[in-house]
Amino acid sequence: MPEELEAMLAHELAHARRRDPLLLALCRAVEIVFFFQPLVRRARVQLLDEAEFICDAQAARWTGDPASLASCLAEVATWIVGG
């Protein structure tokens, strides 16, 4: 359990270091302005997916324990599916 917490925090730190919240807010603003262009939304979703993969990889490198990261992600997925 402590390893999973460390992996989760490393993942979120990777988002912070990459400034993903700011980038995604900017993308959302562009999406609102260009609401009539469906490809803008698709680009934002793709960017979000790529950011998650990159942060997962970075967290696995920082912690040196990809299994704990996988376990943490599986637990979070149960929250989403169960909720």
Side-chain angles (χ1 to χ4, degrees):
M1 182 71 155
E3 298 85 12
E4 290 178 359
L5 182 60
E6 180 183 3
M8 179 192 62
L9 291 174
H11 174 90
E12 295 306 322
L13 180 61
H15 278 300
R17 289 188 67 174
R18 287 174 34 86
R19 295 182 177 92
D20 285 340
L22 178 62
L23 178 62
L24 292 173
L26 179 62
C27 288
R28 183 67 178 127
V30 169
E31 183 181 355
I32 289 169
V33 171
F34 295 103
F35 65 91
F36 52 88
Q37 176 52 269
L39 294 178
V40 174
R41 180 183 188 289
R42 187 172 194 151
R44 181 185 58 82
V45 169
Q46 182 66 34
L47 182 64
L48 177 60
D49 288 345
E50 292 296 323
E52 290 299 326
F53 289 131
I54 291 168
C55 291
D56 288 346
Q58 186 66 50
R61 278 193 300 274
W62 282 343
T63 62
D65 188 6
S68 290
L69 178 63
S71 177
C72 176
L73 292 173
E75 177 67 25
V76 171
T78 64
W79 300 344
I80 295 169
V81 172

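Just so it is clear, the model here is predicted, and its values are computed rather than measured.
- The side chain to side chain contact (heavy atoms under 4.5 Å, CB included) check on Glu75 picks up Thr78, Trp79, with sequence neighbours excluded.
- In the hydrophobic clustering, Phe36 connects to Val30, Val33, Phe34, Phe35, Val40, either directly or through intervening members, whenever side-chain heavy atoms lie under 4.5 Å apart.
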When the side chains of residues 66-74 are checked against the rest of the protein, which donor-acceptor pairs come out under 3.5 Å, sequence neighbours left out?
unit_1: Ser68; atom_1: OG; unit_2: Asp65; atom_2: OD2; d: 2.4
unit_1: Ser71; atom_1: OG; unit_2: Glu4; atom_2: OE2; d: 2.2

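- Summarising the hydrophobic clusters (Ile, Leu, Val, Met, Phe, Trp, Tyr; side-chain heavy atoms under 4.5 Å, direct or chained), the residues clustered with Phe53 are none.
- Atom CZ of residue Arg41 and atom CZ of residue Arg28 lie 8.5 Å apart, to the nearest 0.5 angstrom.
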Only distances under 3.5 Å count here; give the side-chain donor-acceptor pairs of residues 42-49 to other protein atoms, sequence neighbours excluded, each with its distance to 0.1 Å.
unit_1: Arg44; atom_1: NE; unit_2: Glu31; atom_2: OE1; d: 2.3
unit_1: Arg44; atom_1: NH2; unit_2: Glu31; atom_2: OE1; d: 3.3
unit_1: Gln46; atom_1: NE2; unit_2: Glu50; atom_2: OE2; d: 3.0

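- The salt bridge (charged side-chain N to carboxylate O under 4.0 Å, His left out) check on Asp56 picks up nothing, with sequence neighbours excluded.
- In this structure, Leu39 shares a hydrophobic cluster with no other residue, the cluster being traced through Ile, Leu, Val, Met, Phe, Trp and Tyr side chains under 4.5 angstrom apart.
- Arg19 meets the side-chain hydrogen bond (donor to acceptor under 3.5 Å, both in side chains) test with no other residue; sequence neighbours excluded.
- Residues passing the side-chain hydrogen bond (donor to acceptor under 3.5 Å, both in side chains) test with Arg61, sequence neighbours excluded: Gln58.
- Other members of a hydrophobic cluster containing Ile54 are absent, since no ILVMFWY side chain comes under 4.5 Å of it, directly or through relayed contacts.
- In this structure Leu13 satisfies the side chain to side chain contact (heavy atoms under 4.5 Å, CB included) test together with Arg17, Trp62, sequence neighbours excluded.
- Within the structure, ring pair (Phe, Tyr, Trp, His ring centres under 6.0 Å) contacts touching residues 5-29 (residues at least two apart or in different chains) are His11-His15.
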